[in-house]
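Step one of this worksheet: look at the structure below.
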Amino acid sequence: MGDVTALLEARDLTAILPGDAGDVRVLDGIELGVFAGEIVDVVGPSGSGKSTLLRAIARLLPGATGTLLLDGSPAEHFTPPAWRRAVALLPQKPVVVDGTVRDNLVLSWRFGVRRQQPMPDDASLAEGLARLGVDAALDRDGSRLSVGQVARIAFLRTLLGKPRVLLLDEPDAALDDASADAVAAMTAQFANAAGAVVRVRHHRPDGIASRRLRLANGSLVAEEVA
Amino acid sequence: MVPQSAGGVVQIGWQGLALATMFVVFVGVVSIRMALGITKDLAIATVRTYAQLIALGFVLRWVFGINQAWLVVAIIVLMVLFAAQIIVKRSPDAPRGIFGGAFVAMALTGFIVTFAVTGVIVQVKPWYLPQYVIPLAGMVIGNSMTGIALAIERVYSDFDARADELLALTALGATPPEAAHGSMRDALRAGLIPTINSMAAAGIVFIPGMMSGQILAGADPVTATGYQIVVMLMVAAATALGSLVALLLTYRRRFTADGVFLEKGFRRQAH
């Protein structure tokens, strides 16, 4: 891969999960390198293991084996929370916890891993919401949000943690076109600022991906970008 | 006028027991007629009540006669063992291997709270006086067992219900204690609510068991009140302490070494 180190690298990533008819090798020695500035889309049929792949990269998959490197440093050099702060997964099902929109956006500052990191102020929270087209005050109760609002708040929450790699599991599945465009714009901006992105998407290509990989039978195969 | 025996207690004879049994037989007949499907359980429960309580009577009489410290301690350990077993059985959603945690939690609360009452508050002499220690230990262990079982059962079913939230929190950098905090808090609350409710209703809705017993035995109701208040407060303390210890000792079993919550789909066996 030339003279530059991939920001994120996965080698021989393997996951065997219990299935209905015995164990299934969902990930079979995955090799993946993502460079800073890249957006890699992972496609494939439902159940092919796309979400499993993202979880494995975030060290959130029980039983996964293989090597993960961030900027050349092996994952073992990080505590699991520190790894996930740097390699942040936005899970497929967006979640709001009890509390206001603000509580949800700064949720991860309750955790020890972010003790040294300055918490974003209300102005930057409001700006993020506005850019994503979320018309909700910071004091709005989290239970009074629409599905699309929850999805964008979960996206913003992950972005606010300033990760180096973003793993997005269908970030625009619940969004209308305008909102999906806003999420894509912020994703592209993140990549342009030397971030790396791996996305799982079902929608038609939105034009910001650098590469498209198809996950089938536990392996990744390059696809032509349309 | 209530006839009184020498000890201040009216003896219940075999006729009395037979009459009480007749009521249960009547319920059994109703159960058969209405096909309630509980006839067998009712019969077994009745026989168990007879067998266990008669055995208990003789065992306690024997223990009081021997009056030895080691025997009192051994009996409390046995009670703790059974309580831990029951807690495990009542928590079908809990992971395997929580017996140890349940046992330690029950033993800690059982011993600390019981001897705090007998040693510091009642100040029995000698410290192991079985007439005091064993019934008080039974009340502390039995009542806190219910609360601890509720808390444990609740925390694991809550984990499963909140699997998506646990994943989201962990993905944001939460450690297992940080991710589990909400479920643990709710479970502790759930375990304490029955105790708090019975404290609130005591004396208005019902006369608590220990006080009833002492009054039936001829004690002055105000003296009995003192004991009952001590016991209720101690049961509340034992439930809170025991639930907290039991949760802290066991919840980590639902997370991997990397701090990931083990959702149902990732558990290899049905546990």
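In the text below, chain A, chain B and the rest are named by the order of the sequence lines, each starting its count at 1.
- Taking a 6.0 Å sphere around CG of A:Asp98, one finds it holds 12 or fewer heavy atoms contributed by other residues, nucleotides or ligands.
- Nearest heavy atoms, A:Pro80 versus B:Asp258: CB-O, 3.4 Å.
- Of the atoms belonging to A:Arg110, it is backbone heavy atoms, and not side-chain ones, that fall under 4.5 Å from chain B.
- Nearest heavy-atom pair, B:Gly173 versus A:Pro81, reported as atom, atom and distance to 0.1 Å: O-CB, 3.3 Å.
- If you tally non-hydrogen atom pairs under 4.5 Å between each of B:Glu178, B:His181, B:Glu263 and chain A, the highest count goes to B:Glu178.
- Within residues 141-166 of chain B, the residues approaching chain A closer than 4.5 Å by heavy atoms are, in numerical order, B:Asp164, B:Glu165.
- Residues forming a side chain to side chain contact (heavy atoms under 4.5 Å, CB included) with A:Leu138 (at least two apart in sequence, or on another chain): A:Val101, A:Arg102, A:Leu105, A:Asp122, A:Leu125, A:Leu129.
- Each of A:Lys93, A:Gln92, A:Arg55 was scored for a side chain to side chain contact (heavy atoms under 4.5 Å, CB included) with B:Leu167, with one residue passing: A:Arg55.
- Considering OG1 of B:Thr175 and CZ of A:Arg84, their distance stands at 10.0 Å, rounded to 0.5 Å.
- Closest approach of B:Leu172 to A:Ser108, counting heavy atoms only: O-CB, 3.6 Å.
- Environment of CG in A:Asn217: sparse, with no more than 12 heavy atoms of neighbouring residues, nucleotides or ligands closer than 6.0 Å.
- Surrounding CD1 of B:Ile207 are at most 12 heavy atoms belonging to other residues, nucleotides or ligands under 6.0 Å away.
- In this structure, chain B has a heavy atom under 4.5 Å from the side chain of A:Leu107, while its backbone stays farther away.
- Smallest separation of non-hydrogen atoms from B:Gly265 and A:Pro18: O-CG, 3.4 Å.
- The number of heavy-atom neighbours closer than 6.0 Å to CZ of B:Phe206, taken from other residues, nucleotides and ligands shown, is above 12.
- Interface residue B:Thr256: only side-chain heavy atoms are found under 4.5 Å from chain A.
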